[in-house]
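So the structure is just underneath, and the comments pick up after that.
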Number of protein chains: 2
Amino acid sequence: MARASDKLIEQLKQEIFSGLLKPGDQLEEADLAVRFNVSRTPIREAIRSLVDNGLLETRSRKGAIVRVLNAKELNDLFEVAAELEGMACRLASERLTQSNKKIIKASLDLCQAAAQVEDIPGYAEANLAFHAAIHEASENDWLTDQLSQIQARINVYRLMPYEIVGRLEKSLVEHQKISEAIFAKDGLSANSLMRDHMMLQGARLPSLLRALV
Amino acid sequence: MARASDKLIEQLKQEIFSGLLKPGDQLEEADLAVRFNVSRTPIREAIRSLVDNGLLETRSRKGAIVRVLNAKELNDLFEVAAELEGMACRLASERLTQSNKKIIKASLDLCQAAAQVEDIPGYAEANLAFHAAIHEASENDWLTDQLSQIQARINVYRLMPYEIVGRLEKSLVEHQKISEAIFAKDGLSANSLMRDHMMLQGARLPSLLRALV
DNA sequence: ATTAATTTATATGGATACATATGGCAACTA
DNA sequence: TAGTTGCCATATGTATCCATATAAATTAAT
């Protein structure tokens with residue numbers, strides 16, 4: 001039997017990622033208890049967990065709010081994300097198996113299909129699949145965990161992904177180059193290509209931040 | 001006023017790091033409530049937090065136990081630690097301020113002093129200070145947080161650090177080279193020197209694991 | 001009229017009471 | 001004697017209750 005708090009964590013994450021709960025929104029325990037038809041205890045545990053996860057923050061006696069990252073924090077986050085994504089590419093190059101290669105190729109095809117018809121949400125999904133495929137191929141579970149946590153954090157700030165015209169095409173080409181480097185077991189290139197790819201996204205942050213304010 | 005659960009988290013961490021609570025040990029909520037003279041509620045929140053942190057793990061209805069990392073998990077952890085430590089060195093090279101330089105130098109002196117008299121616990125402490133100084137110098141708060149969490153995890157498995165004779169000297173020399181690279185703003189060298197330094201420690205893990213079993 | 005202080009309301013933090021699932025032990029049967 | 005079943009004990013999971021701190025509102029004083 002799943003614990004109520006575990007389900008709550010998932011639900012609240014969904015609401016945050018979907019944008020239903022926006023950065024700065026306050027979460028009141030009593031309200032949530034009514035909404036989800038449980039007592040305050042599991043609500044509190046869920047909030048606690050999300051605070052540890054970094055999605056919420058609390059001030060003493062002032063409850064939890066959806067965490068707002070300022071420009072520096074987002075930049076720091078992106079720097080680490082870029083480094084770890086690059087690392088995943090390097091490891092994937094060194095450890096690539098046939099089955100992982102197939103999965104990466106499949107996700108790359110998804111990216112291509114979505115880019116061709118300019119399906120923005122479709123590309124966003126395929127993009128995540130592509131990155132996830134590389135994470136898996138790194139064969140480092142700790143790294144994979146860290147990256148999925150970071151992804152989650154970043155996605156909150158990606159409510160309008162790829163809205164810039166033409167970015168889809170460029171992103172796809174970068175993905176293809178990264179894949180080629182991995183398949184050629186050229187870890188060094190794969191690493192730096194991915195880091196550049198990530199940093200380009202990071203460079204788009206300032207405009208994204210402005211759009212949020 | 002600090003929350004009871006926050007203090008508990010620190011205390012439990014201490015007990016885990018100090019080896020008082022060994023991997024595999026069970027934590028019973030009622031016991032802990034009596035020991036720390038609080039109710040089960042803050043105990044549960046603390047446990048919850050440590051589970052999210054990865055220090056404990058729970059099985060349904062079976063409570064929390066101190067998490068045991070197997071060889072692969074430890075290896076994965078070290079790989080990520082090495083990469084991020086290297087990244088910190090690179091960033092420190094790029095962003096070094098005079099004040100950070102002083103702090104790094106000071107911690108390096110501590111290392112030297114401890115190494116000269118073969119003060120093993122002293123060196124362990126100075127070592128942490130050295131790494132922390134570099135983390136700070138990276139000017140990336142997210143990275144610093146991640147590294148301190150990873151440090152915490154690794155330290156559990158470092159109950160007998162530097163017991164290998166001669167390792168102190170070698171470690172010190174590596175520290176000196178890393179510092180020189182950072183001071184020379186040679187990010188590339190600093191990065192790889194630190195990664196090698198970390199990986200050497202990781203290579204000692206198998207014997208460490210054997211000692212634990 | 002504006003500001004400061006006091007009071008009141010409300011939400012969080014902690015304690016306790018209650019429910020339920022799991023594991024062990026014992027008894028009974030084959 | 002060994003295995004299975006059922007009961008009981010114990011620890012986790014959930015609900016509710018109480019205390020306290022913070023914030024808001026109202027009143028009084030300048």
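Proteins get letters first, then strands, A, B, ... in listed order; numbering begins at 1 in each.
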Mind calculating the distance between CG (B:Leu8) and P (C:dG13) to the nearest angstrom?
-> 14 Å

Whole angstrom value for the distance that separates P of D:dT14 from CZ of A:Arg48 = 17 Å

Quick one: is D:dT14 close enough that its OP1 or OP2 comes under 4.0 Å of any side-chain N or O from A:Thr41?
-> no

OP1 or OP2 of D:dA23 under 4.0 Å from side-chain N/O of A:Lys62 | yes

Using only heavy-atom distances, determine whether the side chains of A:Ser49 and A:Asp52 contain a donor-acceptor pair under 3.5 Å.
-> no

Would you say A:Ile16 and A:Asp25 make side-chain contact, with heavy atoms under 4.5 Å?
-> no

Is a side-chain N or O of B:Ser5 found less than 3.5 angstrom from the main chain of B:Glu45, in a donor-acceptor match?
-> no

Taking it one step at a time, do A:His131 and A:Gln151 satisfy side-chain hydrogen bond (donor to acceptor under 3.5 Å, both in side chains)?
-> CA-CA 10 Å; A:His131 284 269; A:Gln151 281 282 9; 4.5 Å; no

Partner of A:Lys72 under side chain to side chain donor-acceptor pair (under 3.5 Å), chosen from A:Asn70, A:Asn75, A:Asp76 = A:Asp76

Once you round it to whole Å, what is the distance between C1' of C:dG13 and CD1 of A:Ile47?
-> 12 Å

Would you find more than 12 non-hydrogen atoms of other residues, nucleotides or ligands less than 6.0 Å from B:Gln14 atom CD?
-> no

Tell me which nucleotide among C:dA15, D:dT14, C:dT12 gets nearest to the side chain of A:Glu29.
-> C:dT12

Looking at every strand, decide which applies to A:Glu45 at a 4.0 Å heavy-atom threshold: base, sugar-phosphate, or nothing.
-> nothing

Between C:dG13 (P) and A:Ile43 (CD1): distance, integer Å | 14 Å

Whole-Å distance separating the CG atom of A:Leu32 from the P atom of D:dA15 = 14 Å

Should the pair A:Phe130 and A:His175 be assigned to parallel (<30°), tilted (30 to 60°) or perpendicular (>60°) ring geometry?
-> parallel

Scan B:Leu27 against the nucleic acid and name what it touches under 4.0 Å (heavy atoms): base, sugar-phosphate only, or nothing.
-> sugar-phosphate

A:Arg3 CZ to D:dA11 P, in whole Å, measures 18 Å

Given atom CD of A:Gln26 and atom P of C:dT10, what is their separation to the nearest angstrom?
-> 15 Å

Closer to the 5' end of DNA chain D via nearest nucleotide, is it B:Glu28 or B:Arg44?
-> B:Glu28

Calculate the interatomic distance between B:Phe36 atom CZ and C:dA15 atom P; express it in whole Å.
-> 14 Å

Would you please confirm or rule out a distance under 4.0 Å between OP1 or OP2 of D:dA15 and any side-chain N or O of A:Ser39?
-> yes

Pairs under 3.5 angstrom, nitrogen or oxygen only, protein versus nucleotides 18-20 of chain D, please.
residue : atom : partner : partner atom : Å
D:dT20  : O2   : A:Arg61 : NH1          : 3.1

